[in-house]
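A note on names: the letters A, B, ... follow the listed sequences, proteins ahead of strands, and every chain is numbered from 1. Fair warning: this is a prediction, and the values are worked out from it, not measured in the lab.
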Amino acid sequence: DAKTTQPPSMDCAEGRAANLPCNHSTISGNEYVYWYRQIHSQGPQYIIHGLKNNETNEMASLIITEDRKSSTLILPHATLRDTAVYYCIVRLGGYQKVTFGTGTKLQVIP
Amino acid sequence: NAGVTQTPKFRVLKTGQSMTLLCAQDMNHEYMYWYRQDPGMGLRLIHYSVGEGTTAKGEVPDGYNVSRLKKQNFLLGLESAAPSQTSVYFCASSYSVTGMTDTQYFGPGTRLTVL
């Protein structure tokens, strides 16, 4: 699996959009970009994933650059409950282990 | 659906004791995984299973054994617990459609302390 690089921490004001970047310059053509988050002491929670196109669901939007070497997770209106560690993961499809790095600790500030 | 459940939630062992952690999923997923998470680190894969009756080693398998006798259950065993196995253990499950990716769903975790 390709490695990813994320900033260790970010702050975001409540109600504002949180934009979490991820670099994955060695991604291969058949690898997906996944985002999970982990709220303190809980199990990781799936957020969204994509291959080439931008994706949106009820939780977030995923913007993948045209060269696929980086992506951004967007939480459109951050709430205090979005305070968590966010993991960007690049992996192949099918059964595969999920390799978590250290992620970005997002702190949503009132 | 309960999703992925884990028992117990907490456990304290003495060095040398044995125990089994149970993971159960009600989503009919083929794949199941056991991870451990240590402070300041990401999750590391211990063992995984791609179907009933099959298991395979992950990144950090030493000191652990697993069994998948039923599709919905994945057991993680510690035969002789060591303080280095103090950690939070997460189970996950997923399914995969041929040619498409899969999404892993995680349980709430088991916090294990080995004294």
Side-chain angles (χ1 to χ4, degrees), chain A residues 1-9 22 24 27-53 55 57-60 62 64 68 71 73 84-105, chain B residues 2-6 9-10 21 23 25 27 29-52 54-61 68 74 87-111:
Chain A
D1 292 348
K3 291 186 177 180
T4 62
T5 304
Q6 299 178 252
S9 64
C22 180
H24 32 79
I27 192 171
S28 63
N30 55 352
E31 287 183 309
Y32 292 79
V33 179
Y34 270 83
W35 284 84
Y36 284 81
R37 72 180 182 184
Q38 188 172 23
I39 298 170
H40 182 62
S41 298
Q42 298 182 20
Q45 177 188 22
Y46 165 77
I47 302 173
I48 198 167
H49 75 278
L51 183 61
K52 296 180 180 178
N53 300 321
E55 302 287 345
N57 63 21
E58 64 278 5
M59 290 182 66
L62 173 60
I64 303 174
R68 302 207 329 121
S71 61
L73 177 74
V85 178
Y86 288 77
Y87 296 98
C88 169
I89 296 154
V90 174
R91 56 189 288 259
L92 296 168
Y95 97 85
Q96 290 287 337
K97 69 181 176 72
V98 181
T99 300
F100 285 78
T102 53
T104 296
K105 185 172 184 179
Chain B
V4 179
T5 58
Q6 294 181 233
K9 289 184 171 56
F10 303 94
L21 283 68
C23 175
Q25 52 94 5
M27 298 174 282
H29 286 173
E30 286 293 330
Y31 312 134
M32 297 188 74
Y33 311 79
W34 275 108
Y35 294 87
R36 61 176 288 174
Q37 186 174 37
D38 301 303
M41 299 181 68
L43 276 73
R44 291 183 292 169
L45 182 66
I46 305 171
H47 286 280
Y48 63 96
S49 168
V50 300
E52 182 179 325
T54 69
T55 63
K57 295 180 180 180
E59 301 171 75
V60 289
R68 183 100 182 268
F74 196 28
S87 188
V88 181
Y89 292 85
F90 290 102
C91 176
S93 71
S94 71
Y95 71 95
S96 178
V97 177
T98 300
M100 297 178 67
T101 188
D102 69 309
T103 297
Q104 293 191 11
Y105 296 88
F106 286 80
T110 294
R111 190 173 298 273

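- Shown here for Phe106(B) and Pro44(A), the closest heavy-atom pair between the two residues is CB-O, 3.3 Å.
- Proximity to chain A (any heavy atom under 4.5 Å) is shown, for Gln6(B), by neither the backbone nor the side chain.
- For the atom pair CD1 of Ile48(A) and OG1 of Thr103(B), the computed distance is 10.5 Å after rounding to the nearest 0.5 Å.
- Only the side chain of Arg111(B) comes within contact range of chain A, with at least one heavy atom under 4.5 Å from a heavy atom of that chain.
- In this structure, Gln104(B) and Tyr34(A) have side chains that are not in contact, with every pair of non-hydrogen atoms separated by 4.5 Å or more.
- The candidate from Cys91(B), Gly109(B), Pro108(B) with the greatest count of non-hydrogen atom pairs under 4.5 Å with chain A is Pro108(B).
- For Gln45(A), the side-chain hydrogen bond (donor to acceptor under 3.5 Å, both in side chains) criterion is met by Arg37(A), not counting sequence neighbours.
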